[in-house]
Structure formats: structure tokens, C-alpha cells
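Model, not experiment: these values are computed from the prediction.
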Amino acid sequence: MRSKLTPAGFHYVALRRPLKHAETHTYARSTAFVAPITALIPPNGTYNVANINVPVDDVTTAFHFIAWGDGAPDVGDWREFLGLEPGVDLDENWVSNRQVQNLFLQDRDKMKQGDFTGIRGIPNQDIAMRVTMGPIADRTHDTLGASDGAIVEFRRYMMEQVNAYISDPEKFEAGVFRGHGKDIVASWQGVIPKDVDWEDPVAREEHKLEAW
């Protein structure tokens with residue numbers, strides 16, 4: 001996992017072994033973090049995806065998972081796909097019925113059949129990881145590895161913003177993007193040659209494989 005600061009926050013990339021052309025190419029997935037609460041997830045080829053995490057109080061966050069574009073599903077299909085249907089997966093207050101007490105309704109039989117988590121819906125899998133850390137986690141006991149580069153960058157970035165606010169509240173502008181039309185904030189994915197810089201948008205588009 002590698003990352004780089006941008007005018008809007010930072011972006012990070014996961015570099016993986018592709019199913020084809022593995023000897024010469026790398027499968028790269030780059031997510032853009034737009035400070036302070038938005039992550040633009042690499043598009044799936046049909047529509048764009050993002051999650052927006054809105055603080056409610058010191059220990060509660062409202063999780064919004066959105067899709068848009070010509071091929072995006074309608075609201076009902078999207079909620080069903082994510083396992084987040086009101087009245088089925090969520091109560092009248094939009095609280096999930098998947099909780100620590102019921103092990104997030106994890107299906108062990110599906111896991112035996114190849115489902116890695118046994119928890120339906122990608123957001124529910126993410127939420128399960130967050131909730132089980134507790135409302136306020138003691139980060140001094142974390143053991144981070146090479147794949148946690150984005151976590152390290154996020155913590156460093158946010159602490160820098162906190163210190164900037166403390167230093168001069170009047171001039172603090174976290175998440176204020178003053179770019180121009182050419183400075184597009186976007187996520188992306190693709191299979192590129194190993195010698196092509198993933199941070200170079202011109203080079204990666206020029207050499208990206210269309211058929212993986």
C-alpha cells in the first residue's frame with residue numbers, strides 16, 4: 001500500500017498481482033481520500049462508488065455508501081445489493097440489525113462454501129471491523145504492517161490538520177480544495193506495466209491494459 005498527498009487530501013494505491021500478464025504488469029487500485037470525510041473508491045467499470053462518513057458525535061458515525069453514473073443501480077436494488085434495506089436490514093432509525101451481540105448475522109455455512117466473511121454486503125463487512133474495535137480504540141497497541149500504509153497516512157494527515165487548527169484557527173482550511181478544472185480528484189483502477197509510475201495519469205492511461 002502506497003500513498004501520496006494531494007491538494008484535496010491524499011490518495012493511496014494497492015498494488016496486486018493480476019490474473020493475467022503477472023510477469024510484466026501490476027494490478028493497481030487507487031482510492032482518493034477527500035478531506036475530511038469522503039473516500040472515492042475505484043470505479044467498477046459500470047459506475048462510480050464513494051463512501052462518506054459523517055460524524056454524529058464523539059463515538060457515532062453515519063455511514064453513507066453511494067453509487068452514481070449511467071450504469072448505477074436504482075436505490076432499491078442498491079440497498080438490496082448492500083444488505084442495507086430499510087425494514088429488512090435497518091430499523092426505523094436506520095440502525096443495522098447486524099450487531100456485535102448477534103455476530104453481525106455472520107453465516108458460517110456460506111463461509112464453508114467460499115464466502116470469505118459470511119457477512120452480506122461490503123459496507124456491513126467494513127462496519128463490523130469498525131464496531132468491534134470499540135467506540136474509542138487505544139491505538140498505542142496497534143501492530144501495523146506494509147498493507148496499512150493508508151491508515152498511517154490518514155492518521156498523520158488528520159493530526160497535521162488538528163495541529164494546524166490549534167496553531168491558527170482563523171486560517172484553518174482542512175478539506176478546502178482550491179484546484180482548477182484540470183485538477184480532477186478521481187479514483188481509478190487498471191493493470192499497468194511494472195515500470196510505469198502509478199502516480200502519473202498520462203503514463204498509466206497510455207499503457208493501461210483494456211482487457212485483463
Of the non-hydrogen atoms in [X] and [Y], which two are nearest, and what is the gap between them?
{"X": "His25", "Y": "Pro193", "answer": "CD2-N, 3.3 Å"}
{"X": "Gly149", "Y": "Ser3", "answer": "O-OG, 4.3 Å"}
{"X": "Phe63", "Y": "Asn53", "answer": "CD1-OD1, 3.1 Å"}
{"X": "Thr38", "Y": "Phe33", "answer": "O-CD1, 3.3 Å"}
{"X": "Pro43", "Y": "Gln189", "answer": "O-NE2, 2.7 Å"}
{"X": "Gly118", "Y": "Asp115", "answer": "N-OD1, 2.7 Å"}

When you group the ILVMFWY residues by side-chain heavy-atom contacts below 4.5 Å and let the links chain together, are [Y] and [X] in the same group?
{"X": "Val34", "Y": "Trp68", "value": "yes"}
{"X": "Ile41", "Y": "Tyr47", "value": "yes"}
{"X": "Ile151", "Y": "Phe10", "value": "no"}

Tell me if a side-chain donor or acceptor on [X] pairs with a main-chain N or O of [Y] at a distance below 3.5 Å.
{"X": "Asp148", "Y": "Gly145", "value": "yes"}
{"X": "Asp57", "Y": "Thr60", "value": "yes"}
{"X": "Thr6", "Y": "Ala8", "value": "yes"}

Looking at side-chain heavy atoms only, is the closest gap between [X] and [Y] below 4.5 Å?
{"X": "Pro42", "Y": "Trp188", "result": "no"}
{"X": "Tyr12", "Y": "Lys4", "result": "no"}
{"X": "Phe172", "Y": "Ser167", "result": "no"}
{"X": "Tyr27", "Y": "Arg29", "result": "yes"}
{"X": "Ile37", "Y": "Val54", "result": "yes"}
{"X": "Arg120", "Y": "Gln125", "result": "no"}
{"X": "Thr61", "Y": "Val56", "result": "no"}
{"X": "Leu40", "Y": "Thr31", "result": "no"}

Selection residues 152-168 - residue pairs positive for salt bridge (Lys or Arg N to Asp or Glu O under 4.0 Å), sequence neighbours left out: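 Non-adjacent pairs meeting salt bridge (Lys or Arg N to Asp or Glu O under 4.0 Å): Asp142-Arg155, Glu153-Arg156.
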
Got a list of side-chain donor-acceptor pairs under 3.5 Å for residues 89-105, not counting sequence neighbours?
unit_1, atom_1, unit_2, atom_2, d
Asp89, OD2, Leu84, N, 3.4
Asp89, OD2, Glu85, N, 2.9
Asp91, OD1, Asn93, N, 2.8
Asp91, OD1, Trp94, N, 3.1
Asp91, OD1, Val95, N, 3.0
Ser96, OG, Arg98, N, 3.0
Asn97, ND2, Val88, O, 2.9
Arg98, NH1, Phe104, O, 3.0
Gln99, NE2, Ser96, O, 2.6
Asn102, OD1, Gln99, N, 2.9
Asn102, OD1, Phe104, N, 3.1
Asn102, ND2, Asn97, O, 2.8

NZ/Lys194: more than 12 non-hydrogen atoms of other groups inside 6.0 Å: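 Result for NZ/Lys194: enclosed.
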
Heavy atoms from other residues, nucleotides or ligands near CG of Asp74 exceed 12 (cutoff 6.0 Å):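 Enclosed: over 12 neighbouring heavy atoms sit under 6.0 Å from CG of Asp74.
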
Check: Asn124/Asp126 side-chain N/O donor and acceptor closer than 3.5 Å: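 There is no such pair (donor and acceptor under 3.5 Å, judged by atom type) between the side chains of Asn124 and Asp126.
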
Out of curiosity, [X] [atom1] to [Y] [atom2], how far, rounded to the nearest 0.5 Å?
{"X": "Leu82", "Y": "Ile66", "atom1": "CG", "atom2": "CD1", "result": "11.5 Å"}
{"X": "Leu15", "Y": "Ser147", "atom1": "CG", "atom2": "OG", "result": "12.5 Å"}
{"X": "Glu170", "Y": "Tyr165", "atom1": "CD", "atom2": "OH", "result": "8.5 Å"}

Stepwise ring pair (Phe, Tyr, Trp, His ring centres under 6.0 Å) test for His11 and Trp198: CA-CA 11 Å; His11 60 193; Trp198 67 271; 5.2 Å; yes

Results of side-chain contact (heavy atoms from CB on, under 4.5 Å) for Met133 - residues two or more places apart only: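 Per chain and number, Met133 pairs via side-chain contact (heavy atoms from CB on, under 4.5 Å) with Arg130, Ala137, Arg139.
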
